[in-house]
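Heads up, the thing below is written out as structure tokens.
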Number of protein chains: 2
Amino acid sequence: MTKEGRGFLRKTKQREVILSVLRSTDTHPNADWIYEEVKQVLPNVSLGTIYRNLRILVESGEALELCYGSAASRFDGNPQNHYHFVCEKCENVYDLKVPVNDEVARRLSDVTGHLITDHRLEFYGICKDCKVYNDASTRHED
Amino acid sequence: MTKEGRGFLRKTKQREVILSVLRSTDTHPNADWIYEEVKQVLPNVSLGTIYRNLRILVESGEALELCYGSAASRFDGNPQNHYHFVCEKCENVYDLKVPVNDEVARRLSDVTGHLITDHRLEFYGICKDCKVYNDASTRHED
DNA sequence: ATTGACTGTAGTAATCATTATCATTCAATT
DNA sequence: AATTGAATGATAATGATTACTACAGTCAAT
């Protein structure tokens, strides 16, 4: 039982470029940013195509979608589960290089009776850079 | 250093009802559902008021906001950090009764140099009920 | 009680991200 | 090369959330 939920997928230039753009960065970009990048290779590409393919890539397990509040979704070209740290000041998303704990999910499957197949762990705070900036200034409000 | 970021907050009937509605359920409702409930007490309440106050409650640490994809945000009247399980079939969100691990965040703060103040852990899969339903049927597609 | 400054509200318009629609194009298969 | 159905580009539509505005309620100091 794979992550597929769709019949035949044709290989298209658009999806290929979208995936390569996504894999070329670790900034966890949103659809708009990807759109701008892809346009440099395929000037006629449509934003709808970006969204459609991102959805396909996420559903087929080739990318991850990260959702934060009412802001646009961000995407990650590394489909292996991993954890993130989000800076609430600069909104950067950092990959965390710590091992993923699948043990907890397995244990929780037993305890709860639910079939747990996945999990997401996100950390929040102020990143190293913004922290320095904050300490240096004496402002108390934004 | 509290979670406030706002001057004086006046106590209003609307915010009071919104919070009590939110605390009366464990279904992690969205703004629309809360709107309908609040309307039964305050028929003239506006959806904008719901959103405005939910934001205030989240910012002041009296509620949690849960974001899943492009769907509407869901809210949790229990402001203490805890973990959730989301059924990808019925979209129900279950509270998990396992202890929160703040140790990891503390350790990661040291390792990464970021100031980590919070974290969210969400599990995904098929819930107990939907699992039964799935097993009983022999369909392979939706 | 009367000001005045200010906060919150209802109602509505505007915004923004995302999805749907549809005629056309194109990749894959024959 | 012809066929076929998935994918595309262009654009419209949707849906969640936020912004705007005129008005009402609250508070504190006169």
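Letters go in sequence order (proteins before strands), and every chain restarts at 1. All figures in this text were calculated on a predicted structure; none of them were measured in a lab.
If you take CG of A:Leu9 and P of D:dG5, they are 16 Å apart, rounded to a whole angstrom. Atom pair B:Lys13:NZ and C:dG8:P shows a separation of 17 Å (rounding to whole Å applied). D:dA7 atom P lies 12 Å from atom CG of A:Leu57, rounded to whole Å. In this structure, CD of B:Glu16 is placed 12 Å from P of C:dT9, rounded to the nearest angstrom. B:Ile56 has its CD1 atom 11 Å from the C1' atom of C:dT9, to the nearest Å. The CZ-P distance, from A:Arg55 to D:dA6, rounds to 15 Å in whole Å.
Sequence order on DNA chain C of the closest nucleotides to B:Lys11 and A:Arg74 puts B:Lys11 first from the 5' end.
Ring-plane geometry between A:His114 and B:Tyr94 is classed as tilted, the angle between the planes lying from 30 to 60 degrees on a 0 to 90 degree scale.
Dashed line: the shortest gap from a side-chain N or O of B:Gln14 to OP1 or OP2 of C:dA10 is under 4.0 Å. Dashed line: the shortest gap from a side-chain N or O of A:Thr12 to OP1 or OP2 of D:dT8 is under 4.0 Å.
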Expected rows: protein N/O vs nucleotides 20-30 of chain D N/O, under 3.5 Å:
{"residue": "D:dG25", "atom": "N2", "partner": "B:Arg10", "partner atom": "NH1", "Å": "2.9"}

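Under 3.5 Å, the side chains of B:Tyr68 and B:Glu122 contain a donor-acceptor pair of N or O atoms.
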message: Quick one, A:Arg15 with A:Leu57, criterion side-chain contact (heavy atoms from CB on, under 4.5 Å). Give me CA distance, side-chain angles, the key distance, then yes/no.
response: CA-CA 8 Å; A:Arg15 179 155 51 244; A:Leu57 291 172; 4.1 Å; yes
message: Pair B:Thr112, A:Lys128 - check side-chain contact (heavy atoms from CB on, under 4.5 Å), show working.
response: CA-CA 8 Å; B:Thr112 61; A:Lys128 197 189 282 208; over 6 Å; no
message: Quick one, A:Ile56 with A:Asn53, criterion side-chain contact (heavy atoms from CB on, under 4.5 Å). Give me CA distance, side-chain angles, the key distance, then yes/no.
response: CA-CA 5 Å; A:Ile56 289 171; A:Asn53 281 290; 4.1 Å; yes
message: Evaluate B:Phe123 against A:Leu108 for side-chain contact (heavy atoms from CB on, under 4.5 Å), listing each step before the verdict.
response: CA-CA 9 Å; B:Phe123 295 89; A:Leu108 273 172; 3.5 Å; yes
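Salt bridge present: A:Arg120 and A:Asp118 bring a charged side-chain N and a carboxylate O closer than 4.0 Å.
Taking the side chain of A:Ser70 as heavy atoms from C-beta on, and the options D:dT18, C:dG8, D:dG9, the nearest nucleotide is D:dT18.
Taken together through direct or relayed side-chain contacts under 4.5 Å among Ile, Leu, Val, Met, Phe, Trp and Tyr, B:Leu22 and B:Ile50 form part of one hydrophobic cluster.
Of the residues in residues 18-51 of chain B, those with a non-hydrogen atom less than 4.0 angstrom from any atom of DNA chain C are B:Asn44, B:Val45, B:Ser46, B:Thr49.
Contacts classified as salt bridge (Lys or Arg N to Asp or Glu O under 4.0 Å) and involving residues 21-37 of chain A (residues at least two apart or in different chains) are given here: A:Glu36-A:Lys39.
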